[in-house]
Amino acid sequence: MISDNVRVRFAPSPTGYLHVGGLRTALYNYLFAKANNGTFVLRIEDTDQNRYVEGAVENLINTLNWVGLSYDEGPEKEGNYGPYFQSQRLDIYKKYALELVEKGKAYYAFDTPERLQELREKQIAEKLQPKYDKADLDLSPEEVKQKLDNGEPYVIRLNVVPGLRVTVNDKIRGLVEFSTDTVDDQILIKSDGYPTYHLANVVDDHLMKITHVIRGEEWLPSTPKHVLLYDYLGWEKPEFAHLPLLLNPDKSKLSKRQGDVAVEDYKAKGYLKEALINFVALLGWNAGDEKEFYQLEELISSFSLERVHKAGAVFNLEKLDWLNFEHLRNKPENEVLEMLKSELKASVYSDKEFTDEYLLKVIEAMRERVNFAKDFINNSPYFFEEPTSYDETVVSKRWKEDSPVLLKKLSDEFEALDNPTKEDYETALKKVAESESAGVGKLIHPLRLAVSGVGGGPGVYDILVIIGKEKTISRINKAIAEIKP
RNA sequence: GGCCCCAUCGUCUAAUGGUUAGGACACCGCCCUUUCACGGCGGCAAUAGGGGUUCGAAUCCCCUUGGGGUCACCA
C-alpha cells in the first residue's frame, strides 16, 4: 500500500458523451473508493485540442450526477490537487518532460509528420512493428539548441532502452511482462506543447496521489510506457487494475456501430439509473453469491476488486430490461407517480388533466405489466382516452353475434348501480350472465374489448372501477355501435 | 503481422483439486387467472481441443485452436 488513503480517479476524455464502458469504469472506481473510505477524483483528459467538443465536460458531469456517481474532487469541486483539467496543467508536464531530457530519459525530436509517415509505411511494408527509429537521439546538444533557437517545431520523446523486461503487477491479471523491444519511443510532449496521455496521466496520478489506477483493458498494452515513466521519474507506482472490456454481441469492443453506447441514450429510452448501475456493475463483477438485484449502496458494501474477473462481457439488453422492470417495481409509489406525470406531459395526452388519485390507481393496476414508465401510456392508453380502435384478432375471437345484445343488457344493469365497487360490477355481470343463460366469458371478454380496445391488461373490474361508471357505459355503447365482426 | 490479454449454458455468471457443474436473463411447458402480466413449478442448455501433474482437474502446467485488445504529435 503506497498510502493509507485510497485515491482513485476517473479520467475521461471529453469527446461528447459518457460511454457505458466509461460508466462501468467510473462505477468501479467509485465503488472501490467508497468501499475503502477513499477519495474519488474526476480528472478531465483534454490534451487533444483537435478533439475538443463544445459542452462535453458539462454533459459528462451532468450524466455522472444523474446516475449518482458523485466525485469528491474534480471540476467545480476543487481539492488540494487541482486543477483537474489537464489543459490547465501544461507547464507541469513540460517541467517533468524537461527533467527527463535532463536525465537522458527523453529527448527532443524534430521530424516532420511526412518523414514519420514514410518511416511507418516502410516498416509496415517490411512487416516490422512501426516504431520511431531514434534518429534524433543522435543530435548533439549544440544541434538541438540550434534547432530550438531557430524555432523549429519539436516533440519530446521517451528514450526507451531496448532489451529490458518491464513487468506490470496487475490486480486483476497478475504479473504481465513486456520487453522494451516492443515499446516505442513514445511522444511525451507534442509539437503544440500539449502532453500526450501517457505523460499526463503518469504525472497527474503521481501528483494527485492516486493509489489505484483502475481503467479499461485497452490500456494494458501501453502500461509499460507508464511504468517506465514512473521509474525514470523516480516515483512509486500506483496499483494497476485493468478491467475487462464491454463487448458487442459479436464480442468486439462495445461500439457505436452496433447499438447505443451513450448513457444518455439509455436515459432517453426510459431506463432507470438504478437499473443501469445495477446492470453495468454485474458486467465483470459479482459478490460470489446469487444476489443480482442491487442498489448503489449495496454495491458499495459488497464490492471488491478481487472479485472482478478477467474476460470481457457482452452488453446484453435483455437482462437490462429485466433489471429495469425490477427496479421500477421497487420504486416508491410517489416516485413512479412523478415519472408517469412527466411521461404524460410529453405525450399526446399533455393537454388532459388527471388527478394524482386517478394516476395512482392506474399505477397500481399496471405495475406488474410495465418495464418502463412510458409503458403505462403505451400499454394502457385506455386509461387516458377511450378506445380509438379495437384489436382485430380479439374482435374475431371474442366478439360474437350476441355480444351487442348481451352488452346492452349489461350496460343497463350497470346503469342502475350507485357508485359501484369492483364487487358490484362483478355481481351485476354474473346476474346478467345468469338471466341470459350465458357463461360469464361471453360477457367479460366483449366487455374488456369494449372498454379497452384490447384483449389484455388488468382485471376487467379493476379497469371499470378506475375509468368509472359513466365512461364504462359510454364505451360499451360506442363499441356496440362500432364493432363489426 | 508483432506484442499483450482472455476462454464454463445463446448471454451475464457461481463453483479457487473431490458438486448429479449451481443461479439469473432469454426461450419452452404446466399451474394460478375465463384476459395480459406477476408469481409458483418444471424443461432446454456449458467446462473449446489435445497432452501432462494428481488417487482425483472446469480448477494447476504445456501446446493447439478460437476470440479480443493494442501497435498515432487520440485518449
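Computed over heavy atoms, backbone and side chain alike; hydrogens, waters and symmetry mates excluded. Below, chain A is the first sequence line, B the second, and so on; all start at residue 1.
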Trainee: If rU70(B) has a Watson-Crick or G-U wobble mate with both distances under 3.5 Å, name it; if not, just say none.
Mentor: rG2(B)

Trainee: If we take the C1' atom in both rC61(B) and rG42(B), what is their distance in whole Å?
Mentor: 42 Å

Trainee: Excluding sequence neighbours, so at least two apart, what forms ring-ring contact (aromatic ring centres under 6.0 Å, His included) with Phe376(A)?
Mentor: none

Trainee: Any chance you could list the contact pattern along nucleotides 68-75 of chain B? Use B for base contacts, S for sugar-phosphate-only contacts and - for none, protein heavy atoms under 4.0 Å, 5' to 3'.
Mentor: SBSSSBBB

Trainee: Can you list the residues that meet the salt bridge (Lys or Arg N to Asp or Glu O under 4.0 Å) rule with Lys430(A), with sequence neighbours excluded?
Mentor: Glu426(A)

Trainee: Would you mind pulling out the nucleotide paired to rA48(B), Watson-Crick or G-U wobble, both distances under 3.5 Å?
Mentor: rU64(B)

Trainee: If I take atom CG in residue Leu282(A) and atom P in nucleotide rG23(B), what distance separates them, rounded to the nearest angstrom?
Mentor: 17 Å

Trainee: Could you check which nucleotide pairs with rU16(B) in any of the strands shown, counting Watson-Crick or G-U wobble with both distances under 3.5 Å?
Mentor: none

Trainee: Could you identify the nucleotide paired to rC32(B), looking across every strand shown and requiring Watson-Crick or G-U wobble geometry with both distances under 3.5 Å?
Mentor: none

Trainee: If you look only at distance, which donor and acceptor atoms sit under 3.5 Å apart when one is on a side chain in residues 446-458 of chain A and the other is two or more places apart or in another chain?
Mentor:
{"residue": "Arg448(A)", "atom": "NH1", "partner": "Gly456(A)", "partner atom": "O", "Å": "3.2"}
{"residue": "Arg448(A)", "atom": "NH1", "partner": "Pro458(A)", "partner atom": "O", "Å": "3.1"}
{"residue": "Arg448(A)", "atom": "NH2", "partner": "Pro458(A)", "partner atom": "O", "Å": "2.9"}
{"residue": "Ser452(A)", "atom": "OG", "partner": "Arg448(A)", "partner atom": "O", "Å": "2.7"}
{"residue": "Ser452(A)", "atom": "OG", "partner": "Val454(A)", "partner atom": "N", "Å": "3.1"}
{"residue": "Ser452(A)", "atom": "OG", "partner": "Val454(A)", "partner atom": "O", "Å": "3.1"}

Trainee: For Arg215(A), answer base if it contacts any base atom (sugar-phosphate contacts may also be present), sugar-phosphate if it contacts only those atoms, and nothing otherwise; contact means non-hydrogen atoms under 4.0 Å.
Mentor: nothing

Trainee: Can you sort out the partners of Gln49(A) under side-chain contact (heavy atoms from CB on, under 4.5 Å), two or more places apart, ordered by chain and number?
Mentor: Asp192(A), Tyr194(A)

Trainee: Applying side chain to side chain donor-acceptor pair (under 3.5 Å), which residue pairs with at least one partner in residues 311-320 of chain A are found, sequence neighbours left out?
Mentor: Glu292(A)-Lys319(A)

Trainee: What's the verdict on side chain to side chain donor-acceptor pair (under 3.5 Å) for Tyr197(A) and Asp48(A), showing C-alpha distance, side-chain angles and the deciding distance?
Mentor: CA-CA 9 Å; Tyr197(A) 168 86; Asp48(A) 186 354; over 6 Å; no

Trainee: Between rA21(B) and rU59(B), how far apart are the two C1' atoms, rounded to whole Å?
Mentor: 12 Å

Trainee: Which pairs count as salt bridge (Lys or Arg N to Asp or Glu O under 4.0 Å) when at least one residue sits in residues 246-261 of chain A, sequence neighbours excluded?
Mentor: Asp260(A)-Lys269(A)

Trainee: Between Lys310(A) and rC6(B), does any side-chain N or O lie under 4.0 Å from OP1 or OP2?
Mentor: yes

Trainee: May I ask you to decide whether Asp170(A) forms a salt bridge with Lys310(A), counting only side-chain N to carboxylate O separations under 4.0 Å?
Mentor: no

Trainee: Among side-chain atoms of Asp424(A) and Thr421(A), is any donor-acceptor pair under 3.5 angstrom?
Mentor: yes

Trainee: Let me have the donor-acceptor pairs involving side chains of residues 119-126 of chain A, under 3.5 Å, with sequence neighbours excluded, atom names and distances please.
Mentor:
{"residue": "Glu121(A)", "atom": "OE2", "partner": "Gln117(A)", "partner atom": "NE2", "Å": "2.7"}
{"residue": "Gln123(A)", "atom": "OE1", "partner": "Lys131(A)", "partner atom": "N", "Å": "3.0"}
{"residue": "Gln123(A)", "atom": "NE2", "partner": "Lys131(A)", "partner atom": "O", "Å": "2.8"}

Trainee: What's the CD-P distance between Glu290(A) and rA14(B), to the nearest Å?
Mentor: 11 Å

Trainee: Starting at CG of Asp289(A) and ending at P of rA14(B), how long is that distance when rounded to a whole Å?
Mentor: 11 Å

Trainee: Taking only side-chain nitrogens and oxygens of Asn286(A), does any of them come within less than 4.0 Å of OP1 or OP2 of rA14(B)?
Mentor: yes

Trainee: Not counting sequence neighbours, which residues clear ring-ring contact (aromatic ring centres under 6.0 Å, His included) with Tyr266(A)? List them please.
Mentor: Tyr271(A), Phe315(A)

Trainee: Rounding to the closest angstrom, what is the interatomic distance between rA26(B) and rG10(B) at atom C1'?
Mentor: 8 Å

Trainee: Taking atom C1' in both rA15(B) and rU33(B), compute the distance separating them and give it to the nearest angstrom.
Mentor: 39 Å

Trainee: From CG of Asn278(A) over to P of rA24(B), roughly how many Å is that when rounded to an integer?
Mentor: 16 Å

Trainee: Provide, to the nearest angstrom, the distance between the CG atom belonging to Asn324(A) and the C1' atom belonging to rC25(B).
Mentor: 14 Å

Trainee: For rG52(B) and rC28(B), measure between their C1' atoms and round to the nearest Å.
Mentor: 42 Å

Trainee: Is the shortest side-chain N/O distance from His309(A) to OP1 or OP2 of rA14(B) below 4.0 Å?
Mentor: yes

Trainee: Expressed in whole Å, how much space separates the C1' atoms belonging to rC44(B) and rG23(B)?
Mentor: 16 Å

Trainee: Starting at CG of Asn316(A) and ending at C1' of rU13(B), how long is that distance when rounded to a whole Å?
Mentor: 12 Å

Trainee: Could you encode protein contacts along nucleotides 27-42 of chain B as a string, one character per nucleotide from 5' to 3', using B for base contact, S for sugar-phosphate-only contact and - for no contact, with a heavy-atom cut-off of under 4.0 Å?
Mentor: -------BBBBSS---

Trainee: Would you please indicate yes or no on a ring centroid separation below 6.0 angstrom for Phe10(A) and Phe40(A)?
Mentor: no

Trainee: I need the residues from residues 166-180 of chain A with at least one non-hydrogen atom less than 4.0 Å from RNA chain B; give them sorted by number, or say none.
Mentor: Arg173(A), Val176(A), Glu177(A), Phe178(A)

Trainee: Hey, is Asp231(A) close enough to Lys237(A) for a salt bridge, meaning N to O under 4.0 Å?
Mentor: yes

Trainee: Using atom P of each nucleotide, how far apart are rU47(B) and rC12(B) to the nearest Å?
Mentor: 16 Å

Trainee: Does Glu413(A) have any salt bridge (Lys or Arg N to Asp or Glu O under 4.0 Å) partners at least two apart in sequence or in another chain, and if so, which?
Mentor: Lys431(A)

Trainee: Could you check which nucleotide pairs with rA24(B) in any of the strands shown, counting Watson-Crick or G-U wobble with both distances under 3.5 Å?
Mentor: rU11(B)

Trainee: Tell me the partner of rU53(B), counting only Watson-Crick (N1-N3 plus N6-O4 or O6-N4) or G-U wobble (N1-O2 and O6-N3) with both under 3.5 Å; none if nothing fits.
Mentor: none

Trainee: Using the C1' atom as the reference point in each nucleotide, state the distance between rA45(B) and rU8(B) in Å, no decimals.
Mentor: 12 Å

Trainee: Rounded to the Å, how far apart are Phe240(A) CZ and rC5(B) C1'?
Mentor: 16 Å

Trainee: Rounded to whole Å, how long is the line connecting atom CG of Leu243(A) with atom P of rC6(B)?
Mentor: 13 Å

